Amino acid sequence: MMNDYDIVILGGGPGGYVAAIRAAQLGKRIALVEKEKLGGTCLHKGCIPSKALLRSAELYETMKRSSSFGIRVQGIELDYSNVLARKDAIVERLESGVRFLMKKNKIDVYEGMGLIANTAITSDRNGVIDVRGSGKAEGEPPISIGYRDLIVATGSRPRRIPGLPVNERIMSSDEALAMEAVPASIIIVGGGVIGVEWASMLNDFGAQVTIVEAADRIVPTEDEDLSRELARLFTKRRIKTLTGAMLLPDSVLADGGGVVLQVSRGGKIETLMADRMLVSVGRAANIEGFGLERTAARIEQGVIAVDRSMRTNDPHVYAIGDVVGGLQLAHVASHEGVTAAESICGLDAHSLEAVSVPKCIYSRPELASVGLSEQAAVENGHSVKIGKFSFKAIGKALVLGDSDGFVKVVADENTGDVLGVHMIGPHVTDFIGEASLAQLLKATSMQIGRMIHPHPTLSEIIGEAMLEADNMALGM
């Protein structure tokens, strides 16, 4: 006898499992199908493991300059195998937490590949998922489960460059996480979020790093001032950055001795050599291989098209997270999961506004932003005023021994509304939430500037930058 559910969710990442929990809270019977491990890419191949490595790299770099804090340490040594072991332990603990949440909320988890079959449709069943593999004997028939509504949360994978192989020398971020040792040198193709995080990390671990970026600046989706400051600080750390540089895929040679490649830059051809090569040119949505074509869902530009409630063209199929494009962030997927679950349950769900989504980059220094960049605000017809404040004037930053960077506020000159906040510096990812709240509440720069920020804290810089938009900063 087939098990029937109110909602079946394909994919157990931060979109899928959050959608499952919210729907269960609303009284629905839920099944979640995951072909690998609960937590998805974020927990196993992205957010968490990479941040664990970044923390080890940051601490290693800090220890090397411990004498500036009055602490003399001899014989500092990187034990990369234990760095990896710590990373794995964190991932395992969090995965266990997700499994607990599934059990607590009485969500049935099916391990295996879910395929949309859409057979045996009845008045109470709008579709069927066949679950194959993962512990089942070869040739054994799949487990079939019925659904009234389906949420597709199948995530994404690293985008490949056509014609470029993936092997021991040429990696995506997936393979880089499995490296058993830090390479002496590495070429990173792509200077976006993933590229600069790996560049920062491997540089702190002692590798010689070269970034190849096709755009005219690294982190090209961020405000231009943040890109310039990060490039300056990377140069200071001897991270080589080649912008306006196009990789010539046919030139790439990889063998036991390393990688040799050529890039076209400024009308000239440059040859680069390194031990390894990391390709970080974005991510592709996982829209193939699970029978989506058996539904009425529509694909547009490589992603699943949805409305504001996350519903596809098929009235009983929803999609969330990386498969719908837009900002491919774990917290976006989770928000979309709640939206889909609440929409299915007939609630007036809070849809996502991309301009209000905080974005974080965990390099050293960190970057965080929300809202419009200065250029985007002007292009959207705003007359803007800018408030900018340096961490060098913030006491807590000096105490931490980390005072590079600044906070930049973009506000409407006529209304004072905060249009965007852009930060680069120590721990900025930890307090971008204040700027996100300002966006949500449509606050003015003066209102946030008048808030009492505790002293000494790094968050004081937000208040100062907000006041500086009206030439009222007190600490500069």
Side-chain angles (χ1 to χ4, degrees), residues 1-24 28-45 95 98-99 101-103 105-122 124-157 284-299 303-304 306 310-324 333 336-337 340-341 344:
M1 181 178 177
M2 185 184 304
N3 282 331
D4 283 309
Y5 294 89
D6 296 315
I7 304 173
V8 172
I9 300 169
L10 292 182
Y17 78 73
V18 168
I21 292 170
R22 182 63 184 130
K28 298 297 184 181
R29 188 176 186 224
I30 309 299
L32 186 148
V33 182
E34 171 55 52
K35 68 176 182 178
E36 294 183 6
K37 295 180 179 181
L38 285 176
T41 294
C42 174
L43 178 52
H44 297 279
K45 298 178 182 178
E95 183 189 1
V98 176
R99 289 193 176 279
L101 290 173
M102 297 299 98
K103 185 176 181 180
N105 288 280
K106 298 180 173 57
I107 296 162
D108 291 341
V109 177
Y110 291 82
E111 297 180 353
M113 180 70 186
L115 302 172
I116 300 171
N118 281 0
T119 56
I121 307 300
T122 70
D124 293 324
R125 182 190 302 138
N126 293 312
V128 174
I129 300 295
D130 288 342
V131 183
R132 303 173 184 271
S134 190
K136 292 177 66 63
E138 188 174 347
E140 189 175 340
I143 297 172
S144 296
I145 55 177
Y147 66 82
R148 288 189 176 181
D149 291 286
L150 174 69
I151 298 177
V152 177
T154 47
S156 64
R157 61 190 182 276
N286 292 327
I287 56 175
E288 314 92 351
F290 58 91
L292 186 65
E293 65 278 3
R294 297 189 181 96
T295 73
R298 189 174 70 250
I299 302 297
V303 297
I304 303 174
V306 293
M310 312 312 298
R311 193 193 331 256
T312 70
N313 259 29
D314 190 312
H316 296 288
V317 178
Y318 292 69
I320 61 174
D322 288 3
V323 290
V324 303
E336 291 172 344
I344 290 170

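Each residue takes its place number in the sequence, starting with 1. All figures in this text were calculated on a predicted structure; none of them were measured in a lab.
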Of all residues at least two apart in sequence or in a different chain, which pass the side chain to side chain donor-acceptor pair (under 3.5 Å) check with [X]?
X	answer
R298	E300, N313
S156	R283, D322
H316	N126, D149
R311	Y318

ask   = Do T154 side-chain atoms and N286 backbone N/O form a donor-acceptor pair below 3.5 Å?
value =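 Yes, because the side chain of T154 sits within donor-acceptor range (under 3.5 Å) of the backbone of N286.
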Would you compute the distance between atom [atom1] of [X] and atom [atom2] of [Y] and round it to the nearest 0.5 angstrom?
X	Y	atom1	atom2	result
I344	M310	CD1	CE	11.0 Å
I299	E288	CD1	CD	8.0 Å
R294	I116	CZ	CD1	8.0 Å

Answer whether the closest heavy-atom distance between the side chains of [X] and [Y] falls below 4.5 Å.
X	Y	answer
T295	T312	no
R29	I107	no
E34	M102	no
D314	L150	no
I145	V33	yes
I30	Y5	no
N3	Y110	yes

request  = For R99, enumerate each residue passing the salt bridge (Lys or Arg N to Asp or Glu O under 4.0 Å) test, keeping only those at least two apart in sequence or located in another chain.
outcome  =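 Once residues adjacent in sequence are excluded, the partners of R99 under the salt bridge (Lys or Arg N to Asp or Glu O under 4.0 Å) criterion are E95, E111.
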ask   = How would you list, by chain and number, every residue that makes a salt bridge (Lys or Arg N to Asp or Glu O under 4.0 Å) with D4, sequence neighbours excluded?
value =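 Salt bridge (Lys or Arg N to Asp or Glu O under 4.0 Å) check on D4 returns R125.
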ask   = Can L115 and R132 be said to form a side chain to side chain contact (heavy atoms under 4.5 Å, CB included), step by step?
value = CA-CA 8 Å; L115 302 172; R132 303 173 184 271; 2.9 Å; yes
Heavy-atom pair with the smallest gap, counting every atom of [X] and [Y]:
X	Y	answer
G155	V323	O-CG1, 3.3 Å
I129	G114	CG2-CA, 3.8 Å
I320	A19	CD1-CB, 4.2 Å
L32	G12	CD2-CA, 3.7 Å
G321	E336	N-OE1, 2.7 Å
S144	M2	O-CG, 3.2 Å

